[in-house]
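Okay, structure first, notes after.
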There are 2 protein chains.
Amino acid sequence: MQELKIKNRPPREAFAERARVIKALAHPSRLLIVDELSRGERCVCELTELVGHDISTVSKHLSLLRQSGIVADEKRGLQVFYRLTTPCVLNFFACIESVIRAGKP
Amino acid sequence: MQELKIKNRPPREAFAERARVIKALAHPSRLLIVDELSRGERCVCELTELVGHDISTVSKHLSLLRQSGIVADEKRGLQVFYRLTTPCVLNFFACIESVIRAGKP
DNA sequence: CTGCTATTTGGCGATTTGGCCAAGAGGATG
DNA sequence: CATCCTCTTGGCCAAATCGCCAAATAGCAG
């Protein structure tokens with residue numbers, strides 16, 4: 001038996017790790033990319049056109065999403081294709097929308 | 001009938017707004033606060049002790065969460081109590097965990 | 001009113017982020 | 001081989017973030 005008074009909370013480090021993943025989503029361009037990838041895999045050039053920023057900027061966004069485990073990449077020929085690894089992140093949107101709606105009554 | 005080629009995507013501004021909400025969650029201390037508030041309302045002093053930073057720092061975290069619509073506050077006597085407005089944000093954690101697990105096989 | 005407590009706000013440095021440009025890496029193609 | 005093409009990386013700078021301390025605010029007690 002453990003000490004009963006200890007709160008059943010994840011360790012401090014777990015919150016830091018979660019924050020890293022959530023932070024990777026916390027940018028308009030990256031949300032746009034995730035939204036587009038929910039429709040299927042896309043190459044960097046397609047995502048660059050979508051986002052409308054320099055390809056190097058988009059590449060860095062993708063790198064961040066990849067490091068966070070949200071997307072995976074695969075090189076085929078000259079192009080690199082990205083896809084969602086864990087589509088459950090799409091479920092966020094519905095909740096986020098309800099937070100936004102709750103904020104403006 | 002609308003132009004069929006137009007993608008059924010939320011407008012650009014929607015992604016910026018979503019990003020603001022997600023960004024408010026994207027910090028270890030704020031995630032810890034949200035986790036604690038899932039157990040019930042808490043005053044700033046309790047949350048300050050939990051987080052372990054200066055009370056002014058915690059107050060600013062709470063202010064950010066409030067501005068994003070994630071928490072609401074209520075003053076009673078000298079204390080200010082915070083509570084979750086939209087508990088669905090707790091559902092994030094399960095998905096985030098699966099992203100983290102997917103990242104380390 | 002004076003003092004005490006709980007919280008917020010302002011301001012300051014240190015660090016991080018996000019954009020662009022330029023340069024590099026790595027395949028395909030001739 | 002040289003060249004083209006797609007993407008990544010490094011560097012730079014402006015802006016945002018996060019912590020602390022100090023000062024301001026607000027409610028309660030005397």
Side-chain angles (χ1 to χ4, degrees), chain A residues 12-13 15-37 40-84, chain B residues 12-13 15-37 40-84:
Chain A
R12 206 48 89 95
E13 175 54 26
F15 289 98
E17 213 163 4
R18 290 172 179 182
R20 280 198 315 104
V21 175
I22 295 179
K23 194 186 296 192
L25 289 169
H27 189 283
S29 299
R30 294 196 290 268
L31 285 183
L32 185 55
I33 289 170
V34 167
D35 181 88
E36 179 67 15
L37 293 182
E41 65 174 21
R42 298 286 186 272
C43 68
V44 178
C45 54
E46 290 173 308
L47 296 172
T48 298
E49 187 190 357
L50 170 69
V51 170
H53 284 155
D54 195 274
I55 187 174
S56 68
T57 300
V58 173
S59 177
K60 280 174 183 170
H61 282 315
L62 289 167
S63 173
L64 193 62
L65 288 169
R66 175 165 25 83
Q67 286 176 319
S68 309
I70 296 167
V71 305
D73 63 334
E74 186 188 350
K75 183 153 197 168
R76 290 204 296 273
L78 285 180
Q79 299 180 324
V80 178
F81 289 88
Y82 281 84
R83 61 181 171 79
L84 289 185
Chain B
R12 205 49 90 95
E13 175 53 26
F15 288 99
E17 213 163 4
R18 291 172 179 182
R20 280 198 316 104
V21 175
I22 295 179
K23 194 185 295 191
L25 289 169
H27 188 284
S29 299
R30 295 196 289 267
L31 285 182
L32 186 56
I33 289 171
V34 167
D35 181 87
E36 179 68 14
L37 293 182
E41 65 175 19
R42 298 286 186 272
C43 69
V44 179
C45 55
E46 290 172 309
L47 296 171
T48 298
E49 188 191 356
L50 170 69
V51 169
H53 284 154
D54 194 277
I55 188 174
S56 67
T57 302
V58 174
S59 177
K60 280 174 184 170
H61 283 313
L62 289 167
S63 172
L64 193 60
L65 287 170
R66 176 166 23 85
Q67 287 177 318
S68 309
I70 295 166
V71 306
D73 63 334
E74 186 188 350
K75 184 153 197 168
R76 290 204 295 275
L78 284 180
Q79 298 180 325
V80 178
F81 290 87
Y82 282 83
R83 61 182 171 78
L84 288 185

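So you know, we letter chains A, B, ... as the sequences are listed, proteins then strands, and number each from 1. Every heavy atom of this structure was used, including side-chain atoms; hydrogens, water molecules and symmetry mates were not.
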Which distance, rounded to the nearest 0.5 Å, do you find between the CD of A:Glu41 and the CG of A:Asp73?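 The CD atom of A:Glu41 sits 11.0 Å away from the CG atom of A:Asp73.
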How far does CG of B:Leu47 sit from OH of B:Tyr82, to the nearest 0.5 angstrom?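 Here the rounded value is 9.0 Å.
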In whole angstrom, what separates [X]'s [atom1] from [N]'s [atom2]?
X: A:Leu32; N: C:dG19; atom1: CG; atom2: P; value: 12 Å
X: A:Phe81; N: D:dC5; atom1: CZ; atom2: P; value: 17 Å
X: B:Leu78; N: D:dT25; atom1: CG; atom2: P; value: 17 Å
X: B:Leu64; N: D:dA16; atom1: CG; atom2: P; value: 14 Å
X: A:His27; N: D:dT17; atom1: NE2; atom2: C1'; value: 14 Å
X: A:Asp54; N: C:dT17; atom1: CG; atom2: C1'; value: 16 Å
X: A:Glu74; N: C:dG27; atom1: CD; atom2: C1'; value: 15 Å
X: B:Glu41; N: C:dA6; atom1: CD; atom2: P; value: 17 Å

Identify, between B:Arg66 and B:Lys23, the residue whose nearest nucleotide on DNA chain C lies closer to the 5' end.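 Final value for this comparison: B:Arg66.
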Closest to the [X] side chain, choosing from [options]:
X: B:Arg30; options: D:dC18, D:dT9, C:dA28; result: D:dC18
X: B:Lys60; options: C:dT8, D:dG27, C:dG11; result: C:dG11
X: B:Gln79; options: D:dC7, C:dT7, D:dG19; result: C:dT7
X: A:Ile55; options: D:dC18, D:dT8, C:dT9; result: D:dT8
X: A:Tyr82; options: C:dC20, C:dT8, D:dT8; result: D:dT8
X: A:Val80; options: D:dC18, D:dC7, C:dT5; result: D:dC7
X: B:His53; options: D:dT9, D:dC20, D:dT8; result: D:dC20

Residue whose nearest DNA chain D nucleotide is more 5′ - B:Gly52 or A:Val44: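 Mapping each residue to its closest nucleotide by heavy atoms, the 5'-most match is A:Val44.
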For C:dT8 and B:Ser59 - does any side-chain N or O of the residue sit under 4.0 Å from the phosphate oxygens OP1/OP2?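 Yes, within the criterion.
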Taking OP1 and OP2 of C:dT17, is either one under 4.0 Å from a side-chain nitrogen or oxygen of A:His61?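 Indeed not, no polar side-chain atom of A:His61 lies that close.
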Does a side-chain heavy-atom distance below 4.5 Å link A:Lys75 with A:Val80?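 With C-beta onward as the side chain, the pair touches.
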For B:Ser56, which contact category applies under a 4.0 Å heavy-atom criterion: base, sugar-phosphate, or nothing?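 The answer is base, as B:Ser56 lies within the cut-off (heavy atoms under 4.0 Å) of a base atom.
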Categorize A:Arg76 for me: base, sugar-phosphate, or nothing, with a 4.0 angstrom heavy-atom threshold over every strand shown.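 The residue A:Arg76 makes no contact with any strand.
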Where do A:Leu64 and A:Gln67 land on the side chain to side chain contact (heavy atoms under 4.5 Å, CB included) test, with the steps shown first? CA-CA 5 Å; A:Leu64 193 62; A:Gln67 286 176 319; 4.1 Å; yes
Could you go step by step and tell me if B:Leu37 and B:Arg83 meet the side chain to side chain contact (heavy atoms under 4.5 Å, CB included) rule? CA-CA 6 Å; B:Leu37 293 182; B:Arg83 61 182 171 78; 5.7 Å; no
Derivation of the side chain to side chain contact (heavy atoms under 4.5 Å, CB included) call for A:Arg12 and B:Leu32: CA-CA 8 Å; A:Arg12 206 48 89 95; B:Leu32 186 56; 3.4 Å; yes
